[in-house]
Amino acid sequence: MATSGFKHLVVVKFKEDAKIDEILKGLENLVSQIDSVKSFEWGEDKESHEMLRQGFTHAFSMTFENKDAYVSFTSHPLHVEFSTAFTAAIDKIVLLDFTVAAVKSPVEASP
């Protein structure tokens with residue numbers, strides 16, 4: 001099994017009064033300015049049953065070349081600044097950071 005980078009996975013339940021659109025725009029802006037982020041994906045859960053979701057609604061996934069690149073990202077001044085606003089908007093959070101064990105890689109799209 002090959003390793004394929006380092007992943008930062010965040011699952012959140014936002015506070016009722018959170019300005020989610022502003023948070024999403026802020027995240028997209030943040031990752032576009034920091035080169036150590038290889039990829040960034042996010043989604044809002046609209047399919048799971050509430051009982052299974054446990055109030056969590058959004059998932060964010062960032063991929064880095066390695067753990068050192070992730071550590072560099074976490075100490076970047078833009079990340080430190082954004083984290084304050086992000087944290088203030090969160091009711092509950094699950095955060096996982098791990099080396100990726102690639103079992104089946106995504107298929108590249110044909111031109």
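Sequence positions, counted from 1, serve as the residue numbers for this chain. Because only heavy atoms are used, hydrogens play no part in the values below, and waters and symmetry mates are left out as well, while side chains stay in.
- Placement of Val31 and Ile20 within a single hydrophobic cluster is found when ILVMFWY residues are connected by side-chain heavy-atom separations under 4.5 Å, directly or transitively.
- At least one side-chain heavy atom of Phe56 sits less than 4.5 Å from a side-chain heavy atom of Lys13.
- Once rounded to the nearest 0.5 Å, the distance linking CZ of Phe82 with CG of Asn29 reads 9.0 Å.
- Of the possible donor and acceptor atoms, one in the side chain of Glu50 sits under 3.5 Å from a partner among the backbone N and O of Gly55.
- Cluster membership for Val100 and Val10, using ILVMFWY side-chain heavy atoms within less than 4.5 angstrom, is not shared.
- Using a 4.5 Å heavy-atom threshold, the side chains of Phe73 and Leu78 count as separate.
- Atom NZ of Lys25 sits about 16.0 Å away from atom CG of Leu30, to the nearest 0.5 Å.
- Using a 4.5 Å heavy-atom threshold, the side chains of His8 and Leu95 count as touching.
- In the hydrophobic cluster analysis, where Ile, Leu, Val, Met, Phe, Trp and Tyr join through side-chain heavy atoms closer than 4.5 angstrom, Leu9 is grouped apart from Phe6.
- Atom CG in Leu52 sits 12.5 Å away from atom CD in Glu47 (nearest 0.5 Å).
- In plain terms, the two heavy atoms of Ala18 and Ala89 that are nearest each other are CB-O, 3.7 Å.
- Here CH2 of Trp42 is found 13.5 Å from OG of Ser61. Values are rounded to the nearest 0.5 Å.
- When hydrophobic clusters are built by joining Ile, Leu, Val, Met, Phe, Trp and Tyr residues whose side-chain heavy atoms come closer than 4.5 Å, directly or via intermediates, Leu24 is grouped together with Ile90.
- Closest non-hydrogen pair, His79 versus Thr74, comes out as ND1-O, 3.1 Å.
- Lys15 contributes a side-chain N or O that, together with a main-chain N or O of Ala88, makes up a donor-acceptor pair within less than 3.5 Å.
- Counting only heavy atoms from C-beta outward, the side chains of Ile23 and His58 never approach each other to under 4.5 Å.
- In this view, Thr57 satisfies the side chain to side chain donor-acceptor pair (under 3.5 Å) rule with no residue, not counting sequence neighbours.
- At distances below 3.5 Å, not a single donor-acceptor pair connects side-chain atoms of Thr87 with backbone N or O atoms of Thr84.
- To the nearest 0.5 Å, atoms OG (Ser48) and CD (Gln54) are separated by 10.5 Å.
- From Lys7, atom NZ reaches atom OG of Ser39 across 5.0 Å, with rounding to the nearest 0.5 Å.
- Using a 30° and 60° split on the angle between ring planes, Phe60 and Phe40 fall in the parallel class, below 30°.
- Summarising the local packing, CD of Glu81 is surrounded by 12 or fewer heavy atoms from other residues, nucleotides or ligands at distances under 6.0 Å.
- Two different hydrophobic clusters hold Phe14 and Val11 under the rule that ILVMFWY side chains link at heavy-atom gaps under 4.5 Å.
- Within 6.0 Å of NZ in Lys92 there are more than 12 heavy atoms belonging to other residues, nucleotides or ligands.
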